Amino acid sequence: MVGIECLVLGAGQEVGKSCVIVSFGGKRIMFDCGMHMGYLDQRRYPDFSRIPDSSDFTKSLTCIIITHFHLDHIGALPYFTEVCGYDGPIYMTYPTKALAPLMLEDYRKVMVDRRGEEEQFTSEHIATCLKKVTAVDLKQSIKVDDDLEIRAYYAGHVIGAAMFYAKVKDSALVYTGDYNMTPDRHLGAASIDKFLHLDLVITESTYATTVRDSKYAREREFLKVVHECVGKGGKVLIPTFALGRAQELCILLDDYWERMNLKDIPIYFSAGLTLQANMYYKMLIGWTSQKIKDSYATRNAFDFKHVRSFERSMLNAPGPCVLFATPGMISGGFSLEVFKQWAPSEMNLVTLPGYCVAGTIGHKLISGKATKIKIDRETEVDVRCKIHQLSFSPHTDSKGIMDLVKFLSPKHVILVHGEKPKMATLKGKISSELGIKCYDPANNDVVHIPSSQYVKVDASEAFVHKCINPNPKHFESKADNDSDMDPKDTASLPMKEIEYKRVAEGILVMDKTKRPKAVHQNELLAMLGVEEHRIEFA
Amino acid sequence: MEIERLVWEKCDSELSFYTNINSSDQNNLRCLKALASIRTLIVNSSTSDETISLVLETLVRILQHDQDYIHHHVLKLLSDLALCGDISRTTIFDTVYAYALRRKDASSLTAEALEVIFTTVEQCHGFAELSTSYEFNENLFLLLCSSNVVSVRSWIILNAKWFNVGTCCLVTVFLGFMSDTYPYVRKAALDGLVNLKELVNVKKRELIESCYDRAVELLLDTNECVRSAAVRVVSEWGRVLATLYNEVGDKGWFDGVFIQVCAMVRDTSVEVRTEAFSSLGQMKLVSEDLLLQTLSKKITIQIKKRKKIDLCTSKKFDLPASNVAGVFVHGLEDEFSEVRKSSCISLGKLTILYVHFAEEALNLLMDMLNDDTTEVRLQCLQTMYHMGTSDCLKVQQLHMHMFLSTLVDSNTLIRCATRKVLRLMKPTNLDMFNSAINGLLTNLESYAEIEPSCEGELRIDKARVAAILVLAIAASLTHEQHTSSILRRILTSAIPFLGRISYSLRDVMSQDTLFAYLSYCSRFLHSPIAEIFGQEEHCFSMLEDAPNHYSTEITKHVTPLRQISYGTSENHWQDNSWDPSHTFSLQEYQQKLTFAQKEATHAIGLVLKIVAETWPLIKSGCMDEVHKALRSCKEELATVSVEYHESAAGLLAFAYHYVRSIKLLGKVWMHFYPQRKFIGSRTGLLDLLVEKLDMNLRRMRYGFCGFKLEEELHILEFILLIYVLRLSNSDTCCRPTILKRLRATLSCVEHLCKKGSIKLSNFARELNSFCQEESSNDDGSYYAFSSKRSIKLFSLKQIVFGEKLKHIKAELSVPDNDSENPLPFIAGFPAAISFEIALHNVCSEDRLWLKMMVEEHTQYVFLSFDKHKDSDCLKKFALSVPFYTTPKAASFSLRACIGKECLFDDVQMAKGLGGPKHELTYLCNDKEVYFVIQS
Ligand SMILES: [Zn+2]
């Protein structure tokens, strides 16, 4: 089979259940195995039955590669391995392997224990699934088998997120997963090698048309509202997800507290997943931003100076404070509990993530100026506090996507993980501005891409030697003197005009073995087994 | 002498034997051994001249032979010999020059032979010494250029300046090397092009263009070092070309080059990005629309419509204007602080081009004040300051929150830099003015710093003007009987700085006058000045015991001040109800005295804090900032008046030493961790610096008493750092001594920690374990000491030095003696000298010595003094001592000084001299005593 075949099982013209099956050079790789959070029926998983030879996934797939621990990239993995029976190699980075069970277990609990749903996979499933995973390091070349080589590159986004490069023979591609081209307070920017000679790049396109402003403006806004609120004695509630944003905002606040001498105002972390996550971050310091790595010798940035853990009894204690609580969209749990207490006072502030799922309290607060919010049948909350929507995002913007594509200069681009109309715009831009063929397949579509093939040429030692060393022709003297020279210069020293020529001459031959070879001209006769005849004229 | 001769004879015989027969591996080894012994003879400064000239002869002889395999080592030895000094360099030069010519090839030996000449001339700064008899002509140059050896090719590029080659030829050769297969040769060629200063001489535009084109191609090189060098060439030569084209009316080039460099700011290599940003700062005559686009990632319609720029060189490069979109946004957001810093500097430089651009750029810069690295924040403020001096700093109301928040930053340097910018700022409306004043007052309240007033409009540069302004404000407000809270805040701020303000006004009025005036003003607040001093328990009446002799003076001096404040005539003043008889009470005056001392102590404390805060800056190599900070610290110290306060005087002296030590540390640091790649061997200078620093630290340790435990620990750790730095220096000959001292100091630290039950710092603990390993390793093989690691653990903690510090110092004089009135002596006979000695704060355990030196003769006299005579802090006595070894001369001068033994340094001086057993810390400057022969 010549060329690359891409079967998009998920995240085609949508965000959720990322999963792409790529077949090339006789190998078949599954990139990501995510679940869609918006569905509760069979649509939550990619349609695995479309994978060729779906009776035996282990035979059909060469390997699975997971880019990061978000559920829309890893959520279906335990189901696929433990229920569908895939038993082949799985690759992900060390931090992803460490943090994935946390995420999966948390999700399982919410689904089964709280919502009383039918169990899709058990805790044991998660554990046995993760046991099959091979953890990889950044920029470490891994030979999956004799032909397939893969390599992970730093992607920013969340801790441990990676882009993956895969190569079989002459064909090579990069699957980006989610990535961020701008560093934040705790993670670096995505970074990948330049000369990879790619046939294909499969990239996310969450922000296909958005161009974001400087991150400093976002930080400034956030710090200003928080400082103003606590300055006037108010309480700030920051509902966040346990991993990622919480750490970034916390570093930002901790640093600001230090500089502005706000030691008297406490910052709290609600107990639970977050503290455990902070511990993981401390161990995974090598995957964070340069600044954090640099200062690690003196102080671990995740040892927050001003952060304490929160006791429920402090909920109504007087005085200003800042509190981080899960979950992010105030869909329940502790952040809802705190929200009920603090929302009625106009002194207080609630910050909300940039994106909130419909139906959550967060969504209601963002979408309208709700003054009264019904929590359940009995409870209604008067919302008088200030609301601030954060515009931080761990995804790259459209300029970042363009920059990366331009940087990698592949022959083809496939867009996934985005919204259909915006993807179409970006697709047009990539083909017109960069002259690169671009596709935006829907779920279950297949894209065929021709791949490059190179003819390998052997080179003789003499030829190589000639190429790498300067030969006399490089500096050939010309006899005549140019009058363009400065008269003083010419007067003082007789100048030779030098001309530069770079020559690599050789002869391409193909012998009985059918292997082409480049040789030095002097070698030709010997190779052909011919004697040299000279004709001299008297 | 004997050993030297033996060593030499053995070498000579081995060499003459083995270099005469054919080589074999074993011979080779013996030859190398002999040459190694010769090297020890060369570097040993006490080797006699005869031996050296014999060595030279032999080396020259070996070079005549064909045994190539040791020529490399011989050339190295000749190079060492040439650098040693006392030898005739001409012989060496002649030999190696002839050798190079004789070889007629482009091997590395030829290059090494020439290298002997080049390095010697360069290191000895004797360009003139190189006679015209050595010709390094073009043929030789081209021969070496075609070398098969990569190192020779990069060597010839670096050393092209020594050859007599025309610029055109050079450029052509470099152009050739830009296509070399080896990246380091390509990089060297690019660097060579940048360093060509006589670019103007190359009138051949096509040649410059092909270099430019090739450099643009190399922007896509696989090696980052090549790319970053290419960025420099593109920017420098691009500008040259742009200027040339501009002369003939083609203006597009400036924009073209700018766009070209912009394409590099998203490179994956930090080095390339940093270089690209610093190159952008050099650009001139760039269109405004392009510059504005660098500040936003969203592409404007104007830029979209813009035509692609075609630069008419031989090659076409794709230069879409959209390349520049958001370039500075990316730069300022970069993950690496060096990139952010570099873009900060460049952005600032570009702002002088267009007013509108400057305004927009400031929006981005303001946000950088929230950067997570102090270094970047500081640079950002500096950039704003430069914008202010070139009059393009237009701060707006919306910036004020961010900007003023840096006034309460916990870092002193940041606050200081902010105030500097504030002085240049021109508030456009009253709101901004008010928020600026409020910000400053908050700054004063939280940190109690100097310069109570820096209103931008008035462009205040000097503390003096600031001081007048305080008074003026106070005056005008009191006149209106306006007891506003502002007045109160200003006065509360001003009085703690009484000493400082009066210093800046010293030629106008005395401190007492000023005090009287301020306390007069405070009366309008209906709260006595005592409240401001924080001593409310004293209740006193205003008019009692007024020492009236101050009154006239006050009137005399305050009048002009008030005139300044009103800027009008005297009438106004006379209307005022100020009554000079309302002066302060004696009680108040006494409070003032104790207060002035507090102020001085406080001011010195602040300086010490700033000094300690420079440590991270030194570590990150920001020496400019450090120098600036230290300079202003010294200026600060000069304004502290300690006339009547013994304890503050001790602290002040200590502070001076401390500032000096940090300054030296900074210099030493630069040697160990140089920022630039090439720093010549200046080890001699380094030794001197380290010695000075060591001495200074010893003075801090032994020249003061009354340290608290933490204070002493602080100094000891500082001393330990110096030892660590010394140990990491490659020179190992003094290693045992340093180690010994290190151990001694370390045990002091441990002792102190135990005494005060203080936890041993990480730094000290690391050193401790190192010392233990070291001592278990007695076979002389040194445990690989990771100085970097332990230095990382070191931190200069900020501690508040107490007022109890006493300066141990001595005064030494010889009455009626100076160069005009010398003492009589008889050559060879002892001469008597009567010293008058005053010792301050010396305690009974101190072992003091009088040291007298005449040329290399030194004589020590132990000073014994009565322990309980005089007051504790000052002992005065006269001492008559004989000086024994008077020289055989008509006159001479003797240097004398008093030193204290450093009892805790476990290093003993040479015995048998009858002098001190430990090293001395000197307590006074050398006193010169003059003698003339008795006629
Ligand atoms: Zn994600």
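Please read all numbers here as calculations on a predicted model, not as lab measurements. So that the names make sense, note that chain A is the first sequence line, chain B the second, and so on, each numbered from 1.
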Check: A/Lys399 and B/Lys298 side chains under 4.5 Å, non-hydrogen atoms: no
Heavy-atom side-chain proximity of A/Arg259 to B/Asn411 below 4.5 angstrom: no
Contact origin within A/Asp255 toward chain B - heavy atom pairs under 4.5 Å: side chain
Distance in Å, B/Asp334 CG paired with A/Thr182 OG1, rounded so as to fall on 0.5 Å steps: 10.5 Å
Winner by heavy-atom pair count (cut-off under 4.5 Å) against chain B, out of A/Lys215, A/Glu258, A/Glu219, A/Lys406: A/Lys215
Leading residue by heavy atom contact count with chain B [cutoff under 4.5 Å; candidates A/Lys224, A/Arg212, A/His227, A/Lys194]: A/Lys224
Interatomic spacing from CG in B/Asp409 to OH in A/Tyr256 - rounded to 0.5 Å: 10.0 Å
The single option from B/Leu364, B/Asp371, B/Leu365, B/Leu369 passing side chain to side chain contact (heavy atoms under 4.5 Å, CB included) against A/Tyr216: B/Asp371
Distance (rounded to the nearest 0.5 Å) between A/Ser409 OG and B/Leu220 CG: 9.0 Å
Side chain to side chain contact (heavy atoms under 4.5 Å, CB included) assessment of B/Arg266 paired with A/Met181: CA-CA 10 Å; B/Arg266 296 290 268 161; A/Met181 295 290 279; 3.7 Å; yes
Proximity breakdown for B/Ser337 and chain A, heavy-atom pairs closer than 4.5 Å: neither
Pair A/Ile192-B/Thr268, side chain to side chain contact (heavy atoms under 4.5 Å, CB included): steps then yes or no: CA-CA 7 Å; A/Ile192 187 164; B/Thr268 35; 5.7 Å; no
Interatomic distance, B/Ser296 atom OG to A/Asp213 atom CG [nearest 0.5 angstrom]: 6.0 Å
Heavy-atom closest pair, residues B/Glu333 and A/Pro183: O-CG, 2.9 Å
Enclosure of A/Tyr153 OH (heavy-atom neighbours >12, cutoff 6.0 Å): yes
Under-4.0 Å salt bridge between A/Asp397 and B/Lys297: yes
Gap between atom OG of A/Ser214 and atom CZ of B/Phe328 - 0.5 Å precision: 14.0 Å
